[in-house]
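As structure tokens, the structure follows; a few thoughts come after it.
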Amino acid sequence: MIVVRTGILLLSLALVLSGCVISRGRIGNPIDEENLRRIEKGVTHRTQVVELLGAPDRINQAPDRDIFQYYYYDAKSPALILLVFNLLTLNAKSDNLYIFLDKQGVVQDVIYGKRTDRVDFSLRPWGS
Amino acid sequence: MTVRPSRVLNAALLGILVLSVLGCAVRRVEFNEPITAEHLRFIRLGQTTLQQVVERLGPPEDITMEADQLIAEFRWSTTRSASLNLGYLFRLISPVSPTFTLSGTGINIEHVQFLCDKRLTVQAYAFGKADEHAIIEFWPF
């Protein structure tokens, strides 16, 4: 009896999950928030920034300052692939960190925001 | 044995429903959350800082500098794609189905730019002109 029930349960599960696809993609590395907290405006030097966070993904140079940019992208994609009908959604979000350095290489400002903690696996190809 | 007309009608409706979704695919790709004018109501030009904007909206995708000014650009997009493979209809009468697909894709990329001074205080902001493509668009012509 247990074997039959287990068989029915597995078959039901296989039927329910049939055609489901779940995938995830990332670009870059998550920004290390613990190390980010060690960066102090007016104190930390560019070499220390690189030691703490690694080389920036991008450097924006202006006459009187540089901006180090670090980014991280996270995407989750659920899909339902049926015999005759397919639905797919891909939700992607980004984190970005900008560190403003003066010409002496000292941190002047830090702009950081995180969105990737809100990426979800919801399958909703319709809607606005 | 007699067949009730209501059963025939139900079967026909079911058949039409099945045929209407044969070979259909609907896809959607979202990047970041949309920002609307409503989201920016808290901004006081000359007072609100870029950091305060980031706390509410998340980080900008790009920052560029020009002399004493800085432009922070926030971007988001929704891409919708739908396709209809009419070749699936041949599966009803043939073991092999040819491919004949009509497909449409609409990419809506939107952005808002903030102009800030050297102290990173918002001086002005403006939305880019947005495209509005249909949710489901099979017809490519």
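Order of the sequence lines fixes the chain letters, A, B, ..., with proteins taken first and strands second; residue numbering starts at 1 for each chain. All heavy atoms count here, side chains included; hydrogens, waters and symmetry mates do not.
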Proximity breakdown for [X] and chain B, heavy-atom pairs closer than 4.5 Å:
| X | answer |
| --- | --- |
| A:N91 | both |
| A:V110 | backbone |
| A:D64 | side chain |
| A:L87 | both |
| A:Y112 | backbone |

**Prompt:** A:F100 and A:F68: aromatic ring centres closer than 6.0 Å?
**Reply:** no
**Message:** One pair to check against ring-ring contact (aromatic ring centres under 6.0 Å, His included): A:Y71 and A:Y73. What are the steps and the verdict?
**Reply:** CA-CA 7 Å; A:Y71 54 75; A:Y73 295 86; 5.6 Å; yes
Per-residue contact mode, [X] against chain A (heavy atom under 4.5 angstrom):
| X | value |
| --- | --- |
| B:P60 | both |
| B:E55 | neither |
| B:L57 | backbone |
| B:V29 | both |
| B:S77 | neither |

**Asked** Which of parallel (below 30°), tilted (30 to 60°) and perpendicular (above 60°) describes B:Y125 and B:F114?
**Response** tilted
**Asked** Do the non-hydrogen side-chain atoms of B:T79 and B:T105 ever get within less than 4.5 Å of each other?
**Response** yes
**Prompt:** Under the side chain to side chain donor-acceptor pair (under 3.5 Å) criterion, do B:E61 and A:S94 qualify, and how do the steps go?
**Reply:** CA-CA 8 Å; B:E61 291 308 306; A:S94 64; 2.5 Å; yes
**Item:** Cation-pi geometry met for B:R56 and B:F42 (6.0 Å, 45°)
**Value:** yes
**Message:** When you compare the side chains of A:Q69 and A:N96, does any donor N or O come within less than 3.5 Å of an acceptor on the partner?
**Reply:** yes
**Item:** Salt-bridge criterion met for A:E33 and A:K114 (N-O under 4.0 Å)
**Value:** yes
**Fill in**
Highest number of heavy-atom pairs under 4.5 Å with chain B among A:D95, A:T116, A:D109, A:V119 belongs to A:D109
